[in-house]
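Each remark here refers to the structure printed beneath this line.
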Amino acid sequence: ENPRVDMTLANLAETARAEQAHWQGELARILPLVLLPGKPVRGGGRAAGSGACVAVEVDRLREMSVAMRRRVVRAAAESVGGTLNFAATESVLALCGFENTGVSHTRQGTKGALHLEGGLRAERSARELRFSRVEAT
């Protein structure tokens with residue numbers, strides 16, 4: 001047993017708060033640069049529509065650290081009303097070909113798409129990772 005467990009846990013909590021504040025600042029800076037609202041349309045541009053779809057270019061994700069990639073993917077899902085836990089985040093990254101974390105992945109979808117909890121859909125196209133909501137029928 002650690003007689004200073006209270007102090008150790010308090011120090012860990014303070015470190016976690018500082019780390020979270022750092023990553024929130026980084027996300028606030030980078031998300032406007034990488035999130036693409038709506039679906040792509042022929043001839044270029046994007047159809048914003050109802051705002052129920054957002055994408056990130058896979059090449060942009062490739063340029064990021066693993067930690068930033070995870071946070072961007074979770075933030076993209078949150079922007080359409082979804083929530084990703086660790087396993088779902090890793091499955092989405094595996095859909096994009098990022099399997100360098102040593103975590104085993106189970107694909108839950110076919111043809112480049114995952115149907116995730118809460119009606120969230122992650123779809124991989126040639127260039128993008130797209131998140132949208134699937135309406136219950």
Side-chain angles (χ1 to χ4, degrees):
E1 292 190 29
N2 182 349
R4 299 188 60 190
V5 70
D6 291 345
M7 181 59 74
T8 301
L9 290 175
N11 291 342
L12 179 60
E14 179 53 37
T15 300
R17 274 192 292 277
E19 295 280 327
Q20 182 64 14
H22 166 78
W23 284 112
Q24 287 304 110
E26 285 296 298
L27 276 175
R29 181 184 64 79
I30 200 167
L31 287 178
L33 303 174
V34 299
L35 290 186
L36 305 168
K39 293 183 179 181
V41 295
R42 289 186 200 259
R46 304 192 74 80
S50 65
C53 180
V54 68
V56 180
E57 291 177 353
V58 175
D59 285 344
R60 297 293 300 268
L61 287 173
R62 193 170 283 117
E63 297 168 356
M64 297 174 190
S65 68
V66 173
M68 182 58 82
R69 235 182 254 148
R70 286 178 178 146
R71 284 167 174 80
V72 166
V73 164
R74 285 195 303 265
E78 288 171 8
S79 74
V80 296
T83 303
L84 297 178
N85 62 23
F86 182 81
T89 302
E90 294 300 294
S91 292
V92 169
L93 289 171
L95 181 66
C96 295
F98 301 114
E99 297 191 50
N100 60 350
T101 61
V103 177
S104 63
H105 304 285
T106 302
R107 284 200 171 171
Q108 300 172 4
T110 59
K111 298 183 181 179
L114 292 172
H115 295 276
L116 303 159
E117 288 185 25
L120 183 65
R121 176 181 167 93
E123 182 178 5
R124 170 67 153 73
S125 71
R127 296 178 57 193
E128 295 180 346
L129 170 63
R130 244 183 257 115
F131 288 97
S132 59
R133 302 287 301 194
V134 177
E135 297 300 322
T137 56

Worksheet item: Going through the distances and angles, do Glu19 and His22 end up as a side-chain contact (heavy atoms from CB on, under 4.5 Å)?
Response: CA-CA 5 Å; Glu19 295 280 327; His22 166 78; 5.5 Å; no
Fill in: Working for side-chain contact (heavy atoms from CB on, under 4.5 Å), residues Leu84 and Phe131
CA-CA 11 Å; Leu84 297 178; Phe131 288 97; 4.2 Å; yes
Item to complete: Report the C-alpha distance between Leu36 and Val56 in whole Å, list the side-chain angles of each, state the deciding distance to 0.1 Å, and finish with yes or no for side-chain contact (heavy atoms from CB on, under 4.5 Å).
Response: CA-CA 6 Å; Leu36 305 168; Val56 180; over 6 Å; no
Practice prompt. Would you please test Glu90 and Phe98 for side-chain contact (heavy atoms from CB on, under 4.5 Å) and show each step?
Written response: CA-CA 8 Å; Glu90 294 300 294; Phe98 301 114; over 6 Å; no
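Residues in residues 5-15 take part in these side-chain hydrogen bond (donor to acceptor under 3.5 Å, both in side chains) pairs, two or more places apart or across chains: Asn2-Thr8, Glu14-Arg17.
Nearest heavy atoms, Ala87 versus Asn85: N-OD1, 3.2 Å. The two residues Met64 and Arg69 come nearest to each other via the heavy atoms O-NH2, 2.9 Å. Glu128 and Val58 get closest at one heavy-atom pair: C-CG2, 3.8 Å. The shortest non-hydrogen separation linking Leu95 to Ala122 is CD2-O, 3.8 Å. Minimum heavy-atom separation, Ala75 to Leu31: CB-CD1, 3.6 Å. Taking each heavy atom of Ser79 and Val54 in turn, the nearest pair found is OG-CG1, 3.2 Å.
The CD1 atom of Ile30 sits 6.5 Å away from atom CZ of Arg60, with the distance rounded to the nearest 0.5 Å. Summarising the geometry, atom CG belonging to Leu120 is positioned 9.5 Å from atom CG belonging to Leu114; distances are rounded to the nearest 0.5 Å. A distance of 11.5 Å separates CG of Leu93 from CZ of Arg124, quoted to the nearest 0.5 Å. Separation of atoms OG1 (Thr89) and CZ (Arg70) is listed at 8.0 Å; rounding is to 0.5 Å. Rounding to the nearest 0.5 Å gives a distance of 12.0 Å between CD of Glu57 and SG of Cys96. Distance check, rounded to the nearest 0.5 Å: CZ of Arg71 to CD of Gln20 gives 7.0 Å.
No side-chain donor-acceptor contact under 3.5 Å links Arg130 to the backbone of Glu123. Without hydrogens or angle criteria, Arg29 side chain to Gly25 main chain gives no donor-acceptor distance under 3.5 Å.
Evaluation of the side chain to side chain donor-acceptor pair (under 3.5 Å) rule for Asp59 yields Arg62 as partners, not counting sequence neighbours.
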